[in-house]
Protein chains: 2
Amino acid sequence: MTPVDELDLVLQLPLFDGLEPESGRRLLGPSLHCEAQAGVNLFQQGERPEYLHVLIEGAVELRCVDPTGHEVVVEVVRPVDCFILAAVVTDAPYLMTARTLEHSRLLLIPAGHLREELYRQPALSLVLLGSLARHYRALVRQIKDLKLRTSAERVGAFLLCLALDQGGATTVELPYRKRVLADRMGMTPENLSRAFARLRECGVQNQGSHVVIEDLERLAEYCRMDTAIDRVEAALRVPAQQVLPDSSESVPPSRAQGTTDT
Amino acid sequence: MTPVDELDLVLQLPLFDGLEPESGRRLLGPSLHCEAQAGVNLFQQGERPEYLHVLIEGAVELRCVDPTGHEVVVEVVRPVDCFILAAVVTDAPYLMTARTLEHSRLLLIPAGHLREELYRQPALSLVLLGSLARHYRALVRQIKDLKLRTSAERVGAFLLCLALDQGGATTVELPYRKRVLADRMGMTPENLSRAFARLRECGVQNQGSHVVIEDLERLAEYCRMDTAIDRVEAALRVPAQQVLPDSSESVPPSRAQGTTDT
DNA sequence: CGGGCTTTTGACGTCGATCAAATTCGGTGG
DNA sequence: CCACCGAATTTGATCGACGTCAAAAGCCCG
């Protein structure tokens, strides 16, 4: 697949929904392809934004670090989505550091170019406004989660989301190794372990990365799910799916992958 | 001052910077004025967004509530700024409940009308994109604050922001009664009191709502301020200022009031 | 001067982090 | 196939930060 072909495919993705093919191509024209192994820092907090990052394949986490070296994971980005839009739009230093979790491929759109295109293309600001709005809401949920739930409840809610995403399956596979999962959920591995221990008491079996939920209702009650608000964040936590089709295939089913949440 | 005159004044504010006067007037045309006492709920989480809210005067807090009644304050909005943009743009249920902290005046822009204008006016989406980006960044800082700092450090950082906003004054007045302040900073009044007690040991005197900081440097070090990132959030915490000028005066100095952060 | 407050202080209890040690797991080389 | 190493995971003990409950000061005002 040539780069240009790929650009066209990228433009068909939900993220860029509503963009004219032509303006899309102009937007992506000066963009760079970038590929990185797992564990690579794409940029550091405090730096000036040079590119809007679009994640095409892989996974990236955004985290804040404080002077003592402690960290919080603020967001986990899944394809296809853009990140650090806020920094690029405001032209202010990154508040977070971005690191690849897996081997990833990205498109880097020069910040200056993006801002110019923003003036030229009404549709583009709409697209980005929508994306940013979803990210904003993801953060609101994150804050709610951190302050209002215990770690066991967070884990429970996470499992429930996995289960519900599979149409109510009572058995799910954890998408990452537990070490990584713990980080992602804002707790230490030790506490993740204890969280699973506590969940056993409300019907959650766990063998390695294999989890069986005896009673979805019971679990939902335990972790105080709020249907109006919590359920919506499911997509935030779904493991990656191969989103970019092979060149021989068409665009995959539209399971709301275009953005971090829905 | 007639309503129409006031609309024009509103449009001159930083929030609407870059908007043509005419399109601004069309945007605000069908908007409602709304005035509320302190302590009034403007809407509840879970409801569908009907209006984009623009706070003209007063103060509003956005909070999440969980089924057991516990709450987190997610944002405090100061004039002039809009809020719940993300919900309006995505047309998804509010994640938060909005409550006035003081007697407040608002402009309510019907959500449907806003979305139409969004298509008609490129400049508008740019304005809103900028506003949303700033709110997004405020939340990132909030998460960092909650996870990475102790309550004493949060209070210290808050005081430091107050001081620095006054050009490095070593004595500041707390903008609210402590009960309210505690809420705002995500802790109980008891713990706020203990936080002040701890800050005494690094040179912070406190008598009622009067605070003296002996050594700004020392305090900054104690609460691990990060110049590149923390200082920026100052505006987030500054007490309200009278932003709408009397009809006899011109627009006030541009101290970055147009948005929640800068 | 005496309610009815906010604010402070002290005594717990809970949650989550940390440190240390035990245990399990996955793959490796013999 | 099996013993073995290193990493991941679990478990236990302990600590610090915060929330809660209760009681003691302070304060504001009538």
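The figures that follow rest on heavy atoms only: side chains count, while hydrogens, waters and symmetry mates do not. Here is the naming used below: chain letters follow the sequence lines, and residue numbers restart at 1 for every chain.
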Please give, in whole Å, the distance from C/dA17 C1' to B/Leu148 CG?
13 Å
For D/dT10, does either OP1 or OP2 sit under 4.0 Å from a side-chain N or O belonging to A/Lys178?
yes
Does the side chain of B/Ser151 get closer than 4.0 angstrom to OP1 or OP2 of D/dC18 through an N or O atom?
yes
Where each residue is assigned the nucleotide of DNA chain C containing its nearest heavy atom, which of A/Gln207 and A/Gly186 is assigned the position nearer the 5′ end?
A/Gly186
From CG of B/Asp183 across to P of C/dT6 the rounded distance in Å is 12 Å
Can you tell me which nucleotide in D/dA17, C/dA17, D/dT10 comes closest to the side chain of B/Arg198?
D/dA17
Over how many whole Å does the gap from B/Arg200 atom CZ to C/dT8 atom C1' extend?
9 Å
For the side chain of B/Met187, starting at C-beta, report the closest nucleotide among D/dG19, D/dT9, D/dC18.
D/dG19
Once rounded to the nearest 0.5 Å, what's the spacing between atom OH of A/Tyr222 and atom CD of A/Glu153?
5.5 Å
Measure CG/A/Asn191 against C1'/D/dA13 and give the value in whole Å, please.
14 Å
Has the side chain of B/Glu190 got a donor or acceptor atom sitting under 3.5 Å from an opposite partner on the base of D/dC21?
yes
Which part of the nucleic acid, if any, lies within reach of A/Thr188 when heavy atoms closer than 4.0 Å are counted: base, sugar-phosphate only, or nothing?
base
Please report the distance, rounded to the nearest Å, between CG in A/Leu181 and P in D/dT10.
11 Å
One thing to verify: whether B/Arg78 and B/Glu102 come together as a salt bridge, which I'm taking to mean a side-chain N less than 4.0 angstrom from a carboxylate O.
yes
Checking side-chain polar atoms at under 3.5 Å, does A/His210 have a donor or acceptor matched by the opposite partner on A/Gln205?
no
Starting at CE of A/Met185 and ending at P of C/dA17, how long is that distance when rounded to a whole Å?
12 Å
Using 0.5 Å steps for rounding, measure from the CD atom of A/Gln142 to the CD atom of B/Gln142.
12.0 Å
Specify the separation, in whole Å, of atom CZ of A/Arg177 and atom C1' of C/dG27.
13 Å
Quiz item: A/Arg194 side-chain donor-acceptor pair to C/dT18 base, under 3.5 Å
yes
Measure from NE2 on B/His70 to P on C/dT14 and round the result to the nearest Å.
14 Å
Compare side-chain N and O positions of A/Asn206 against OP1 and OP2 of D/dT9 and report whether any pair is under 4.0 Å apart.
no
Whether B/Phe83 and B/His53 hold their rings parallel, tilted or perpendicular, with breakpoints at 30° and 60°:
tilted
